[in-house]
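All heavy atoms count here, side chains included; hydrogens, waters and symmetry mates do not. The chains referred to below are lettered A, B, ... by the order of the sequence lines, with proteins before strands, and numbering in each begins at 1. Quick caveat: nothing in here was measured; it's all calculated off a predicted structure.
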Amino acid sequence: MAIRLYNTLTRQKESFQPIDEGKVKMYVCGPTVYNYIHIGNARPAIVFDTVRRYFEYRGYDVHYVLNFTDVDDKLIKAANEMGEGVTEIANRFIQAYKEDVGALGVKEAVDHPRVTENMDEIISFIQGLIDKGFAYASDGDVYFRTRSFDSYGKLSHQSIDELRSGARIEVGDKKEDPLDFTLWKEAKPGEITWESPWGTGRPGWHIECSAMAKKYLGDTIDIHAGGQDLTFPHHENEIAQSEAHNDKSFARYWMHNGYINIENEKMSKSLGNFILAHDLVKQHDPQVIRFFMLSVQYRHPINFSDELLKGAKSSFERLRNAFENVKHRKDSSLDLTENNDKWLQEIESHKQRFVEEMDDDFNTANAISVLFDLAKSANLYLQESQTHSRVLTAYEETMKELMGVLGLEIEKVEELLDEEVEALIEERKQARKDRNFERADQIRDELKERNIILEDTSQGIRWKRG
RNA sequence: GGCGGCAUAGCCAAGUGGUAAGGCAGAGGACUGCAACUCCUCGAUCACCGGUUCGAGUCCGGUUGCCGCCUCCA
């Protein structure tokens, strides 16, 4: 069975066919690093990290590239406001990005190219477009001649004339046509600049991705991904640049994730209604945030609120509990080779269902529902009067494996309790034995205050963090 | 104006022709000294109207409401 994914270009789900057998060349548009990212920026990071993990799970070698836009208007503005250099700010927020997104379980990209480190490639790419007549220099700027690219609009499914009617005509424009977009921008006094054949300046926004995708992945890549709002104009322009320049199809599959809304309104840096991932991971378990993001199909919008996160926490707890229940029971299980095929088969069929759901355009919402079914199955098995370590191990390993595909870490780090707490738990144990329930409850309440929850099971006392 | 998306139980959310997955919250029961965990039981005229079909949440047409892109934006 092949993996099927929704391709924005064709507006339908297609079977994934790699350019090179067993390999995936994937380019994801990364952040402009002038601030901490908000949770809307975190969604593509998480979603496409999950796509990558799933491809890897299915045996593909994924060349995952995520760029950093480290020079543009907003960065220059931020630099002026903070009285710092553009490079310093970019460095700081790239570091912050990696930390925040890392906390959310996102793996490092294979390559993290930066605009400022690929200036030669960008400049020669622009020159190539000029040489072929797709671009022109105009008084220090360079523009892409949009009408010269015949299939312009194929990604956003708009005809060039439809776009024309919506385009803003700038006063005193250096453009031949309002639809033309900037490849190179002449520097204003005091701005960070690079030398080029057209004078000092810096690249426009779209050209970086065309140049860097080519450099790191080649002329044609398998998957190009990003937020839905990048479809037009960013990705449309990338296609125009790359295909005009390389004479080859740019990307076979285009994936776009839906937005995160706050109170049903789009969240964005420019609207000011954003929640920083940097803050959120301190207030909530990052695993729960990731779980929440994946509980909705990636192309659909997610509405965000503390209340919804709280619900996600409860849901996630259920999976964690099942996992801990299984682990806890292993100590008292038998190691007999008895006929437990029924349970082992059940585990296997859950695994298959999980794969089927993920194969269908990375339907994490359904994949998660399979995890709940698996948890249920495990809990039912635990109802058996006698359990077997072989089956318990299978449950444990499978849960860990499938959660891992989603980038979720179900196994909590073994934490040690301090001596005082240990002593209290011991004391409570004795108190219960003595049927001194008043004292036992007192201790349980006390520990709860410290965020340690005790559970008395037939296999002994368990504790967990609240 | 052009392009597109969404509307499923109190909440979240799957489901592209065959009599509505899953989770949270809530109610009752079992287990427990009491809890917690867990198990059992309980919930939907799928926005509205019409059509196609033996059969539609699912296809077609229309209506209403919400949202996004067309300008920097994940």
Query raised in the report: Is A:Gly226 touching bases, backbone alone, or none of the nucleic acid, heavy atoms closer than 4.0 Å?
Result: sugar-phosphate
Requested in this report: Write down the distance between CD (A:Gln383) and C1' (B:A30), rounded to a whole number of angstrom.
Outcome: 10 Å
Query - Pairing partner of B:A7 (Watson-Crick or G-U wobble, both distances under 3.5 Å) - result: B:U64
Query raised in the report: What is the pairing partner of B:U45, taking Watson-Crick or G-U wobble pairs with both distances under 3.5 Å in any strand?
Result: none
Query raised in the report: So, does the side chain of A:Arg444 form a donor-acceptor pair with the base of B:A35 at under 3.5 Å?
Result: yes
**Report entry** Value in whole Å for how far the P atom of B:G33 lies from NZ of A:Lys433
**Finding:** 15 Å
Requested in this report: Give one of base, sugar-phosphate or nothing for A:Asn261, where a contact means two heavy atoms less than 4.0 Å apart.
Outcome: nothing
Query - Ion pair check, A:Glu176 and A:Arg147, cut-off under 4.0 Å - result: no
Query raised in the report: What's the NE2-P distance between A:His300 and B:G4, to the nearest Å?
Result: 17 Å
Report task. Give A:Asn257 one of three labels, base, sugar-phosphate or nothing, depending on what nucleic acid heavy atoms sit under 4.0 Å from its own. Result -> base
Report task. Let me know, please, whether A:Leu380 or A:Gln297 comes out on the 5' side of the other along RNA chain B by nearest nucleotide. Result -> A:Gln297
Query - Touch class at under 4.0 angstrom, heavy-atom based, for A:Asn325 against every strand present - result: sugar-phosphate
Report summary line: Per the under-4.0 Å heavy-atom filter, residues of residues 445-454 of chain A near RNA chain B come out as A:Leu454
Report summary line: Separation of B:C40 atom C1' from A:Asn379 atom CG, nearest Å, is 13 Å
Report task. To the nearest Å, give me how far apart NE2 (A:His278) and C1' (B:A74) are. Result -> 19 Å
Report summary line: When rounded to whole Å, the CG to C1' distance for the pair A:Leu75 and B:C72 reads 13 Å
Query raised in the report: How close or far is atom P of B:A74 from atom CG of A:Asp49, stated in whole angstroms?
Result: 18 Å
Query raised in the report: Between the side-chain atoms of A:Asp229 and the base atoms of B:G68, is any donor-acceptor pair under 3.5 Å?
Result: no
Query raised in the report: Which of residues 148-158 of chain A have a heavy atom under 4.0 Å from RNA chain B?
Result: A:Ser156, A:His157, A:Gln158
Requested in this report: Identify the residue among A:Glu438, A:Arg444, A:Arg439 that makes a side chain to side chain contact (heavy atoms under 4.5 Å, CB included) with A:Asp441.
Outcome: A:Arg444
Query - Side chain A:Arg299 and base B:G5 donor-acceptor under 3.5 Å - result: no
**Report entry** Contact state string [nucleotides 22-27 of chain B, B base, S sugar-phosphate only, - no protein heavy atom under 4.0 Å]
**Finding:** SSS---
Report task. Return the nucleotide paired to B:A30: Watson-Crick means purine N1 to pyrimidine N3 with N6-O4 or O6-N4, wobble means G-U with N1-O2 and O6-N3, both under 3.5 Å. Result -> B:U38
Query raised in the report: Counting any heavy atom closer than 4.0 Å, what does A:Asn321 reach on the DNA or RNA strands: base, sugar-phosphate only, or nothing?
Result: sugar-phosphate
Requested in this report: Let me know the distance between CE of A:Met267 and P of B:G68, rounded to the nearest Å.
Outcome: 13 Å
Report task. For A:Tyr298 and for A:Tyr6, locate the closest nucleotide of RNA chain B by heavy-atom distance; then report the residue assigned to the nucleotide nearer the 5' terminus. Result -> A:Tyr6
Requested in this report: For A:Phe292, answer base if it contacts any base atom (sugar-phosphate contacts may also be present), sugar-phosphate if it contacts only those atoms, and nothing otherwise; contact means non-hydrogen atoms under 4.0 Å.
Outcome: nothing
Query raised in the report: Within the structure shown, what part of the strands sits under 4.0 Å from A:His234 by heavy-atom distance: base, sugar-phosphate, or nothing?
Result: nothing
